[in-house]
Amino acid sequence: MQRVCRLQTARNNVLYSTEEEYYRRAVYVPYLDDFCNSLKERFESHKETVASLQHILPEFCTKTDFYSLEAAFNLYEEDLSHKEDVQREFMLWKEKWSQENSENLPKTAISSLEKCDKTFFRNIYILLKLLAVLPLSVATVERRFLSLRRLKTYLRNTTSESRLNGLALFSIYRDMKIRDEEVVDKFASVPRNLDFVL
């Protein structure tokens with residue numbers, strides 16, 4: 001068990017009676033608190049946009065109007081192909097699903113995307129695609145940066161950018177099979193305009 005000091009200077013001086021109680025108070029609860037706070041900080045700014053984009057789902061669009069999509073529309077305005085048609089498309093989309101029975105309405109972005117005609121509802125299709133691919137976490141991106149930290153060490157400080165990119169791709173996609181013949185064909189090909197002297 002950790003020693004309790006009389007004068008607290010550089011560490012937590014948590015009162016405890018068992019080892020389990022000490023680690024719960026000094027490590028586990030502060031870790032959970034920090035984790036919850038970082039999640040709130042990271043996703044609080046996107047909360048309004050995602051909630052707004054959710055109104056495009058047939059389950060919600062029948063009960064709402066176009067102005068509930070305004071935050072999402074402002075954020076993804078550059079991604080839409082015909083911005084002036086978005087409001088009309090939304091009204092037609094809403095009319096289409098208001099005639100359906102509530103049990104038959106698609107509940108997810110992917111199921112809505114499957115039932116969306118992309119030639120008729122161009123902007124709705126793009127917004128549904130954006131909603132379907134919104135990441136729930138950024139763990140995969142952070143894993144890639146960690147692999148870069150492992151590759152670009154002090155000893156490899158002079159590695160060129162193209163070589164570093166190649167090493168990173170090898171490290172990240174290590175489950176892909178690469179045939180030896182492909183590598184040999186790519187790097188062993190001799191330029192035709194060079195004459196070699198034997």
Side-chain angles (χ1 to χ4, degrees), residues 33-152 159-176 178 186:
D33 189 42
D34 183 56
F35 183 73
C36 291
N37 285 336
S38 64
L39 280 177
K40 280 180 188 170
E41 286 173 16
R42 184 170 193 110
F43 295 112
E44 196 67 36
S45 61
H46 302 293
K47 185 177 173 184
E48 182 183 337
T49 306
V50 173
S52 171
L53 195 55
Q54 196 173 2
H55 289 288
I56 206 141
L57 294 175
E59 183 180 18
F60 300 112
C61 79
T62 56
K63 304 169 192 155
T64 187
D65 59 350
F66 177 73
Y67 298 104
S68 57
L69 268 172
E70 196 166 3
F73 178 69
N74 291 337
L75 182 68
Y76 298 116
E77 189 174 5
E78 294 176 7
D79 297 319
L80 301 175
S81 57
H82 299 283
K83 299 169 196 145
E84 60 278 351
D85 297 335
V86 176
Q87 189 168 3
R88 285 181 291 218
E89 278 184 33
F90 180 77
M91 294 311 211
L92 289 171
W93 180 253
K94 180 178 177 177
E95 186 64 33
K96 173 186 175 179
W97 294 111
S98 61
Q99 297 170 3
E100 288 283 331
N101 196 357
S102 62
E103 291 87 33
N104 298 336
L105 295 177
K107 308 254 187 281
T108 64
I110 294 176
S111 60
S112 303
L113 199 57
E114 290 170 355
K115 299 202 176 186
C116 180
D117 181 12
K118 87 171 151 180
T119 56
F120 194 66
F121 298 109
R122 288 178 284 198
N123 294 313
I124 300 290
Y125 187 79
I126 292 169
L127 289 172
L128 281 171
K129 263 198 324 193
L130 288 168
L131 181 62
V133 298
L134 278 177
L136 297 177
S137 73
V138 291
T140 52
V141 176
E142 288 173 1
R143 248 184 256 132
R144 297 209 185 346
F145 281 115
L146 286 175
S147 68
L148 264 179
R149 188 183 302 160
R150 216 175 37 246
L151 292 171
K152 181 96 172 173
T159 305
S160 68
E161 187 176 335
S162 62
R163 181 167 171 80
L164 186 64
N165 287 340
L167 288 171
L169 288 172
F170 271 138
S171 174
I172 293 165
Y173 300 107
R174 61 177 68 142
D175 56 335
M176 286 181 64
I178 298 172
K186 178 153 178 77

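In this text the structure is predicted, and so the values were computed from the model without any measurement.
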Exercise for review: Using the side chain to side chain donor-acceptor pair (under 3.5 Å) rule, collect all pairs that involve residues 51-65, keeping only residues at least two apart or in two chains.
Suggested key: T64-S68
Revision key, fill the gap. Residue set satisfying side chain to side chain contact (heavy atoms under 4.5 Å, CB included) with S160, at least two apart, ordered chain then number -> S162, R163
Practice item. List in chain and number order the residues that pass side chain to side chain contact (heavy atoms under 4.5 Å, CB included) with E114, two or more places apart in sequence or in another chain; answer none if no residue qualifies. Key: I110
Revision key, fill the gap. Hits for side-chain hydrogen bond (donor to acceptor under 3.5 Å, both in side chains) against N165, two or more places apart or cross-chain, chain-then-number order -> none
Review point. In chain order, what residues pass the ring pair (Phe, Tyr, Trp, His ring centres under 6.0 Å) check against F73, with sequence neighbours excluded?
Key: none
Study note, to complete from the structure: For K129, the side chain to side chain contact (heavy atoms under 4.5 Å, CB included) test, sequence neighbours excluded, returns L113, Y125
Practice item. Can you establish whether the number of heavy atoms outside K118 located under 6.0 Å from its atom NZ is more than 12? Key: no
Practice item. Dump the intermediate steps for side-chain contact (heavy atoms from CB on, under 4.5 Å) on F120 and L92, then the final yes or no. Key: CA-CA 10 Å; F120 194 66; L92 289 171; 4.0 Å; yes
Exercise for review: May I ask you to test the V86-F66 pair for a side-chain heavy-atom distance under 4.5 Å?
Suggested key: yes
Review point. Among all residues two or more places apart in sequence or in another chain, which pass the salt bridge (Lys or Arg N to Asp or Glu O under 4.0 Å) test with D79?
Key: none
Point to revise | Criterion side chain to side chain contact (heavy atoms under 4.5 Å, CB included) against S112, the qualifying member of I124, L127, L57 | key: L57
Point to revise | Partner residues of N101 under the side chain to side chain contact (heavy atoms under 4.5 Å, CB included) criterion, sequence neighbours left out | key: E103, N104
**Study point:** Residue pairs, two or more places apart or on separate chains, that pass ring-ring contact (aromatic ring centres under 6.0 Å, His included) and touch residues 98-118
**Key:** none
**Study point:** Rounded distance (nearest 0.5 Å) linking atom CH2 of W97 with atom SG of C61
**Key:** 8.5 Å
Point to revise | Straight-line distance of F60 CZ to L105 CG, nearest 0.5 Å | key: 10.5 Å
Practice item. With rounding to the nearest 0.5 Å, note down the distance linking CG in L131 to CG in L53. Key: 4.5 Å
Revision key, fill the gap. side-chain hydrogen bond (donor to acceptor under 3.5 Å, both in side chains) filter on E77, not counting sequence neighbours, yields none
Check your understanding: CG of D85 to CE of M91: how many Å apart, nearest 0.5 Å?
Key -> 13.5 Å
Point to revise | Minimum side-chain heavy-atom gap F121-L128 below 4.5 Å | key: no
Point to revise | Value rounded to 0.5 Å, distance of CG in D33 from CG in N37 | key: 5.0 Å
Study note, to complete from the structure: Sorted by chain and residue number, the side-chain hydrogen bond (donor to acceptor under 3.5 Å, both in side chains) partners of Q87 (sequence neighbours excluded) come out as none
Study note, to complete from the structure: By side-chain hydrogen bond (donor to acceptor under 3.5 Å, both in side chains), S111 pairs with (sequence neighbours left out) T108
Exercise for review: Mark yes or no for whether W93, through its side chain, and I56, through its backbone, hold a donor-acceptor pair below 3.5 Å.
Suggested key: yes
